[in-house]
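Computed over heavy atoms, backbone and side chain alike; hydrogens, waters and symmetry mates excluded. Below, read A as the first sequence line, B as the second, and so on, with proteins coming before strands; counting in each chain starts at 1.
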Amino acid sequence: MTETTDNAPEAPRSDFIRDIVTQDLASGKNDSRVHTRFPPEPNGYLHIGHAKSICLNFGIAQEFGGLCNLRFDDTNPSKEEQEYVDSIKQDIRWLGFDWDDREFYASDYFEQLYQWAIELIRKGKAYVCDLTGEEVSKTRGSLTTKGQDSPYRNRSVEENLDLFTRMRAGEFADGSRTLRAKIDMASPNLNMRDPVMYRILRAEHHRTGNDWCIYPTYDWAHGQSDSIERITHSICTLEFENHRPLYDWFVRELGIYAPRQIEFARLNMTYTMLSKRRLLQLVQEKTVSGWDDPRMPTLSGYRRRGYTPESIRSFCRRIGVNKYDSTVDIALLEHCLREDLNRRAPRAMAVLDPIKVIIENYPTGQAEELDAVNNPEDPSAGSRKVPFSGELYIEREDFMENPPKKFFRLSPGREVRLRYAYFITCTGVEKNADGEITAVRCTYDPATRGGDAPDGRKVKATLHWVSAAHAVQAQVRLYDHLFAKPDPSDAPEGGDWKDNLNPDSLKIVQAQLEPSLAKARAGERFQFERLGYFCVDSVDSSDQPIFNRTATLKDTWAKEQKKTQ
RNA sequence: UGGGGAAUAGUGUAACGGCAGCACAACUGACUCUGGAUCAGUUAGUCUAGGUUCAAAUCCUAGUUCCCCAGCCA
């Protein structure tokens with residue numbers, strides 16, 4: 001087995017599932033095959049929780065020389081759409097995984113499932129039930145009491161066959177009958193109390209159109225789909241543990257190949273909502289701009305935000321796999337992102353909240369080009385030219401007229417460095433009638449060109465800047481957590497989860513960029529020095545570039561300020 | 001009050017009867033032309049109570065707490 005090392009963020013690590021696979025391989029089970037599958041329902045976009053499952057299933061197949069299928073569990077046409085199928089395929093590929101030609105659908109197996117249902121009817125193990133949904137629910141019993149047998153439970157095989165055939169033929173109204181497995185209404189496991197296998201539902205299916213008016217339930221379709229595909233390790237989330245006895249029952253009664261199901265805990269993350277139903281709600285109610293809104297925890301949202309697939313894979317490796325509910329700190333995801341982008345993202349200078357700096361002793365009308373390093377972490381990234389002139393923008397928060405003790409940026413009388421340019425010393429400020437600062441006046445030291453003082457004197461701060469005359473305008477979208485609470489489901493008294501939405505999750509600002517950024521292309525990522533990582537939006541466009549803030553840089557000054565608040 | 005699962009620093013995980021380790025977070029300090037990055041360090045843990053054993057996070061017994069299940073959703 002591969003060693004886990006900190007230097008190899010993509011290296012596989014061991015977990016209880018991989019241990020099981022290793023044991024099965026050692027014992028020669030399944031002829032030493034390893035075959036997994038990722039089985040999404042196409043009823044929404046994939047999110048970071050699915051990434052955990054994708055990395056697990058595809059990752060195990062890769063590590064053990066096996067295969068991983070993509071299978072859409074499309075048994076409920078009333079919720080499923082082709083758009084979701086397409087987005088799911090795109091997102092898995094983006095994450096870096098490939099299923100070759102093994103793209104399957106539960107709907108591929110509808111006819112086989114139907115034949116198997118007939119087989120169970122013939123064996124006396126399934127029956128057509130005329131109870132309404134409400135009646136079925138009433139007779140199911142409770143957690144502590146037994147259910148009651150359906151009055152239709154003992155219909156003859158002939159009658160069941162006849163009715164089931166006519167169900168398929170469309171003779172009965174939606175919801176009027178079901179096919180149920182005949183197991184045990186007294187089972188302490190509610191899933192075994194004669195579960196529904198087929199319901200009558202006239203809805204157009206995204207693949208089978210109107211061929212069917214009866215659809216298999218997930219419980220009836222899932223295990224057999226795995227069996228048909230000869231899946232060796234059927235990995236799913238904890239809530240299906242209770243269903244395992246049912247899947248085993250079906251496969252045993254049918255006498256077909258039995259995959260081994262293994263359950264793991266789904267991902268929870270602070271400040272993040274991972275309920276597909278609620279994400280759908282955010283989209284439908286237009287709380288966000290769509291499934292790919294950069295604040296969404298969907299893979300398409302993260303992609304648009306500027307996350308790299310590598311960072312998400314690294315995250316999935318680090319969180320591990322277990323059988324108990326846990327909540328991962330979103331700071332870990334952000335760490336994985338910064339770790340990756342720090343290595344790869346070219347640097348640039350941008351001012352998000354500009355204040356003008358006038359260099360009093362810089363020759364009027366003059367400009368020059370200075371060399372700037374593209375990526376200090378990667379010498380091969382080279383350097384670029386950045387224009388400098390007597391009127392610049394710096395960040396408003398980089399200047400304070402009356403600075404507190406630990407502030408060591410620009411203030412009256414103080415000297416700082418402009419990155420890759422000159423040392424400047426503040427000589428004063430200009431104010432408007434309301435007393436607001438409209439410009440900062442400075443002098444520069446021509447001897448410090450490039451950013452080093454020949455006399456060896458030091459400054460305590462280095463500021464980013466943009467030449468006013470050369471600046472490129474851009475729209476910058478500053479994102480923060482979509483939810484203001486670590487646990488978004490923790491609703492306030494009398495409220496609901498939507499009350500936890502963060503009102504400041506998006507701020508749009510007009511920024512001044514260094515001119516090299518004018519040619520940035522959609523999806524390109526940069527570090528704006530001292531600010532964070534930014535990515536050119538790949539959906540919206542206008543006459544100016546649009547940048548999404550992927551993440552801020554770690555900011556010890558901001559932390560310091562919080563402490564004193 | 002039925003059944004099925006699970007409990008290790010603040011968080012996520014490792015240790016498979018033999019030194020409780022790693023990562024994130026937090027906090028110090030060093031270094032720095034990004035208050036970034038990097039480096040060094042600090043704080044902090046086996047749910048509880050018994051038992052077996054030379055030795056228990058690990059095995060046994062009892063308890064506690066948490067999660068899942070009463071869709072013709074998945």
Less than 3.5 Å between a donor and an acceptor, one on the side chain of [X] and one on the base of [N], is that the case here?
X        : N      : answer
A:Asn191 : B:rC69 : no
A:Asp19  : B:rC16 : yes
A:Arg347 : B:rU34 : yes
A:Asn242 : B:rG3  : yes

- Step through the shown structure and confirm whether more than 12 heavy atoms of other residues, nucleotides or ligands are within 6.0 Å of CD on A:Glu134.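 No, because the 6.0 Å sphere around CD of A:Glu134 holds 12 heavy atoms or fewer from other groups.
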Do [X] and [Y] have side-chain heavy atoms sitting under 4.5 Å apart?
X        : Y        : result
A:Trp116 : A:Phe250 : no
A:Arg207 : A:Val85  : no
A:Thr272 : A:Phe483 : no

Taking only the side-chain nitrogens and oxygens of [X], find out if one of them lies under 4.0 Å from OP1 or OP2 of [N].
X        : N      : value
A:Arg530 : B:rG35 : yes
A:Ser142 : B:rG2  : no
A:Arg318 : B:rA14 : no
A:His335 : B:rC24 : yes
A:Ser187 : B:rG3  : no
A:Arg199 : B:rG71 : no
A:Lys554 : B:rA37 : yes
A:Asn322 : B:rA14 : yes
A:Ser14  : B:rA14 : no

Roughly, in whole Å, what's the span from [atom1] in [X] to [atom2] in [N]?
X        : N      : atom1 : atom2 : answer
A:Glu514 : B:rU34 : CD    : P     : 16 Å
A:Arg409 : B:rU34 : CZ    : P     : 13 Å
A:Asp325 : B:rC67 : CG    : P     : 8 Å
A:Arg266 : B:rG12 : CZ    : P     : 16 Å
A:Glu377 : B:rG36 : CD    : P     : 13 Å
A:Asn374 : B:rA37 : CG    : C1'   : 17 Å
A:Phe16  : B:rC16 : CZ    : P     : 18 Å
A:Leu332 : B:rA23 : CG    : P     : 12 Å

- Could you tell me whether A:Thr178 contacts a base, only the sugar-phosphate backbone, or nothing, with contacts defined as non-hydrogen atoms closer than 4.0 Å?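 Answer is base: heavy atoms of A:Thr178 come under 4.0 Å of a base.
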- Please work out if A:Pro376 contacts a base, only the sugar-phosphate, or nothing of the nucleic acid, heavy-atom cut-off 4.0 Å. base
- Face-on cation placement of A:Arg168 at A:Trp212 ring, 6.0 Å and 45° thresholds: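 Ring-cation test returns yes.
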- Item | B:rU58: pairing nucleotide in any strand, Watson-Crick or G-U under 3.5 angstrom |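 Looking at the geometry, B:rU58 pairs with no nucleotide.
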- B:rU28 - base-pair partner by Watson-Crick or wobble geometry, distances under 3.5 Å: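 Pairing partner: B:rA40.
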- Item | A:Asp194 and its side chain to side chain donor-acceptor pair (under 3.5 Å) partner, picked from A:Arg153, A:Lys182, A:Arg180 |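 For A:Asp194, the side chain to side chain donor-acceptor pair (under 3.5 Å) check succeeds only for A:Arg153.
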- Task: Would you check if A:Tyr324 stacks with the base of B:rA6, given a 5.5 Å centroid limit and a 30° plane limit, both strict?
- Result: no
- When the P atoms of B:rG51 and B:rA57 are considered, how many whole Å apart are they? 15 Å
- Query: How would you label the glycosidic angle of B:rG21: syn (within 90° of 0) or anti?
  - Reply: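 Here B:rG21 takes the anti form, which means its glycosidic angle is more than 90° from 0.
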- Task: Assign each of A:Ile319 and A:Gly451 to its nearest nucleotide of RNA chain B by heavy atoms, then name whichever residue's nucleotide is nearer the 5' end.
- Result: A:Ile319
- Message: Under 3.5 Å, is there a donor on one side chain and an acceptor on the other for A:Arg278 and A:Ser489?
- Response: yes
